[in-house]
There are 2 protein chains.
Amino acid sequence: MSFRDFTNQMVSMEEICRDLYRRHRKSIKIKKEEVVIKNLVTIFNATLELSNQKGFHAMSLRDLCRETELSMGALYSYFTSKEELVDIIQNQGRQVVMKVLLEQINRGSTPREKLHIAISTHLYLSEVMKQWFYFSFMETKNLSKDEQRKSIESELFTEKMFIDILEDGNRENCFEVQNSVLTGSLIKAMLQDWYLKRWKYSKRNITVDEYAEFIIRLIETFITPSSNK
Amino acid sequence: MSFRDFTNQMVSMEEICRDLYRRHRKSIKIKKEEVVIKNLVTIFNATLELSNQKGFHAMSLRDLCRETELSMGALYSYFTSKEELVDIIQNQGRQVVMKVLLEQINRGSTPREKLHIAISTHLYLSEVMKQWFYFSFMETKNLSKDEQRKSIESELFTEKMFIDILEDGNRENCFEVQNSVLTGSLIKAMLQDWYLKRWKYSKRNITVDEYAEFIIRLIETFITPSSNK
DNA sequence: GTCTATAGTGCGATAGAC
DNA sequence: GTCTATCGCACTATAGAC
C-alpha cells in the first residue's frame, strides 16, 4: 500500500473526536454532539500546534483561547484541567496508532510482508498524525507518573511488534537476525527520525514512500540470509 | 579506542567551565575564578538535571536555588536571565562536541577508519555528556530564533561529516553508497536513539561499545561493495 | 559574594451573568 | 453553551542589606 492509498482509508480527526466523546460523555458538560465534535477538533489541533511550537507547559490557556476563538470558560467545558487535556490527547492518539498498526500487520502473511507493512504503516501514521507523534514524544516527560508509564509501555509494545516479526522470520528461515532486540530498537529509531526531524526531510523533498523504501532496503540487506543473496 | 580509553582523555566539566569563564569574564560579576568555576559547575549540572526531569521552562529558578543551594541573587551573578542560562549551556556544549569530534576523526586515515571513529566518538560523547545531549535536543524549540538556527546548523554540520566520509569512501571504492544523504541521516538517527532512549538501553544492560559495534556492523553490511564480501 | 524582601507580571481555575 | 470578571498563586528579576 502506498501513502496515497493509506490516507484515503485513514480515519479523520472528526471520527477520532466522535469516538472520544462517545466514550467520555459523562465528563464533558456540553450535550449537543455536533457542537462538541467541532470544538474538540479545534481544541486538539490548536493544542498540538501551539505545543509543538513552544511546548505544552509554555502554552498558556490564554494562548489556546486566542487560537481556538473560545473563551476560558468555554474551554473548561471540554476538560477539567490543563493536565487532563494533555492526557486525553496522548491516550486517544496511542489508541488510534495501536489499532491501525495491528489491523494492517495482520494483513501480511509472511514475516517479510509483515515487516514491510509494519515499517510503512508506522511511517504513514506518523506522516498523517505528525503533530501528534511529535507532541507525544516531546511531552511524555511532563506527564504524571502514571501516564508516563503508559507511554513507555506503548513504546515497548510497538518495539516488541518488530522484534516478534524478526524472530518469526528467524524461525521460518527467511531472516537471519542475530540480535532481534537491538535490530528492532534501531528500526524504531529510524522510524522516529521521520517525525522528529520532519523539517529536514521536507526541505530535501524526500517523500514518505522513498523513506520507507530506503529503510526497508537497509534492514533487508542486514537480515537476509547470505544464501538468499 | 574503547569507551574506557575515551573517558580517560575526555575533558572534565571543570575544564569546560573554566574555558567558558575565561571567554566570558566580562559578563560575569564574580571575580574569584575558583568561586566562579565551582558555582558554574553546580549550576549547569543542576540545570541539566532539573530540565531533563521536567523541562527547562517548567524548572523554576526556585527549583534551581534549592538544587544548587544558592540564593536567587547569587544565581543572577552568573547569568543575566533564565534565557541566557539555556543559551550558554547549548553553545558551550556544542563547541565541546564539535572540537572532540573533529579531533578524533582526523586521527583516521581511511574512510572506513574515519566512519568507525565518527560513530564511536559520537556515541562516547553522548554517553559522557548524556544529560547535555538530551537537554540540547529537547530544548532547541524553546530557544530564540537565532539560537534555534545555530542548533540546526550544528545538526546539519555533524550530519555532513558523515555524508562526506561516505562519499570519500565511494570515490576510493571502499564503499558503495547509493544515497549518502539518506544513509548519513539514518546513522545520525541511530546515534540519537542512544541518548534519547537511554533508559531502554540501560535496562537491557547494553553497553555503549556493544551499541557502537552493532551500528557499525549494520552500516558496513549496507555500504560494503558486494565484490568485497 | 551572597543574602532576603519585594515589585510586577501572568498563570490556571472558577463563579455567575447572559 | 459561552462569556467576562476576578481570585489566589507562582513566576522572573532586582534592589539593597550584610
Side-chain angles (χ1 to χ4, degrees), chain A residues 17-18 20-21 24-44 46-47 50-51 53-89 139 142-144, chain B residues 17-18 20-21 24-44 46-47 50-51 53-89 139 142-144:
Chain A
C17 288
R18 194 177 304 274
L20 178 76
Y21 171 60
H24 289 78
R25 218 182 285 258
K26 50 186 184 297
S27 67
I28 293 176
K29 291 173 198 132
I30 319 299
K31 291 301 154 208
K32 280 193 200 153
E33 180 159 324
E34 290 317 310
V35 174
V36 177
I37 307 294
K38 181 179 136 289
N39 283 332
L40 276 182
V41 171
T42 311
I43 291 171
F44 290 164
T47 304
L50 288 167
S51 292
Q53 274 169 34
K54 52 163 87 173
F56 181 75
H57 190 272
M59 171 195 86
S60 72
L61 291 182
R62 285 169 178 82
D63 291 334
L64 197 56
C65 291
R66 216 173 302 123
E67 192 77 13
T68 56
E69 294 179 309
L70 288 167
S71 68
M72 207 68 144
L75 285 182
Y76 272 91
S77 314
Y78 297 94
F79 48 80
T80 62
S81 72
K82 202 184 167 194
E83 207 193 335
E84 197 196 60
L85 174 59
V86 69
D87 290 351
I88 293 173
I89 295 180
E139 304 302 336
N142 310 324
L143 302 174
S144 66
Chain B
C17 288
R18 194 177 303 274
L20 177 77
Y21 172 59
H24 288 77
R25 216 182 286 258
K26 49 187 185 299
S27 67
I28 294 176
K29 291 174 198 133
I30 319 299
K31 291 302 154 204
K32 279 194 202 154
E33 180 158 325
E34 290 316 311
V35 174
V36 177
I37 308 294
K38 181 178 136 287
N39 283 333
L40 277 181
V41 171
T42 311
I43 292 170
F44 290 164
T47 304
L50 289 166
S51 292
Q53 275 168 34
K54 52 162 87 173
F56 181 75
H57 190 273
M59 171 195 85
S60 71
L61 291 182
R62 285 173 176 81
D63 292 334
L64 197 55
C65 291
R66 216 173 303 122
E67 193 76 13
T68 56
E69 294 179 310
L70 287 168
S71 68
M72 208 67 143
L75 284 182
Y76 272 92
S77 315
Y78 296 94
F79 49 81
T80 62
S81 72
K82 204 185 166 193
E83 207 194 335
E84 197 197 61
L85 174 59
V86 70
D87 290 351
I88 293 173
I89 295 179
E139 303 302 335
N142 309 324
L143 301 175
S144 67

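Below, chains carry the letters A, B, ... as their sequence lines are ordered, and counting in each starts from 1.
Following rounding to the nearest Å, B:Lys38 (NZ) and C:dG1 (P) show an atom-to-atom distance of 12 Å. Between the P atom of C:dG12 and the CD atom of A:Glu84 lies a distance of 15 Å, rounded to the nearest Å. The nearest whole Å value for the distance from the CG atom in B:Leu64 to the P atom in D:dA13 is 12 Å. The CD atom of A:Glu33 sits 12 Å away from the P atom of D:dG1 (whole-angstrom rounding). As rounded to whole Å, 14 Å separates atom P of D:dG16 from atom NZ of B:Lys29. A straight line from OH of A:Tyr78 to P of D:dT2 spans 4 Å, rounded to a whole angstrom. Spacing between atom CZ of B:Phe79 and atom C1' of D:dT14 amounts to 13 Å, rounded to whole angstrom units. Across the protein-nucleic acid pair, A:Leu75 atom CG and D:dT4 atom P stand 12 Å apart, rounded to whole Å.
Between A:Ile43 and A:Leu85 there is a side-chain heavy-atom pair separated by less than 4.5 Å. Residues A:Glu139 and A:His57 are not in side-chain contact: their nearest non-hydrogen atoms beyond the backbone lie 4.5 Å or more apart.
When the side-chain nitrogen and oxygen atoms of A:Ser77 are compared with OP1 and OP2 of D:dG1, none of them lie within a distance under 4.0 Å. Within the 4.0 Å cut-off from OP1 or OP2 of D:dA10, not a single side-chain nitrogen or oxygen of B:Ser60 is found. For D:dT2, one of the phosphate oxygens OP1 or OP2 lies less than 4.0 angstrom from a side-chain nitrogen or oxygen of A:Asn39.
Interface remark: the A:Arg62 side chain does form a donor-acceptor pair with the C:dG12 base, using a distance-only criterion of under 3.5 Å.
In this structure, the nucleotide among D:dC3, C:dG12, C:dG1 sitting nearest to the side chain of B:Lys32 is C:dG1. The B:Met72 side chain lies nearest to C:dA5 when the options are D:dT2, C:dA13, C:dA5. Checking D:dC3, D:dA13, C:dA13 against every side-chain atom of B:Leu61, the shortest atom distance belongs to D:dA13. You'll find that the side chain of B:Leu70 is closest to C:dC3, out of C:dC3, C:dC11, D:dT2.
Of all the heavy atoms in A:Leu64 and A:Ala46, the pair that sits closest is CD1-CB, 3.8 Å.
Comparing A:Ala58 and A:Thr80 along DNA chain C, the residue whose closest nucleotide (by nearest heavy atom) sits nearer the 5' end is A:Ala58. Two residues, A:His57 and A:Gly73, neighbour DNA chain C, and the one matched to the more 5' nucleotide by heavy-atom proximity is A:His57.
Among the heavy atoms of the strands lying under 4.0 Å from B:Ser71 is at least one base atom, whether or not backbone atoms are also near. Residue-level contact check: B:Asp63 touches neither bases nor backbone, having no heavy atom under 4.0 Å from any strand.
Going from atom CD1 of B:Ile30 over to atom OH of B:Tyr78 covers 4.5 Å, rounded to the nearest 0.5 Å.
The neighbour count for B:Lys32 NZ, taken as heavy atoms of other residues, nucleotides or ligands under 6.0 Å away, does not exceed 12.
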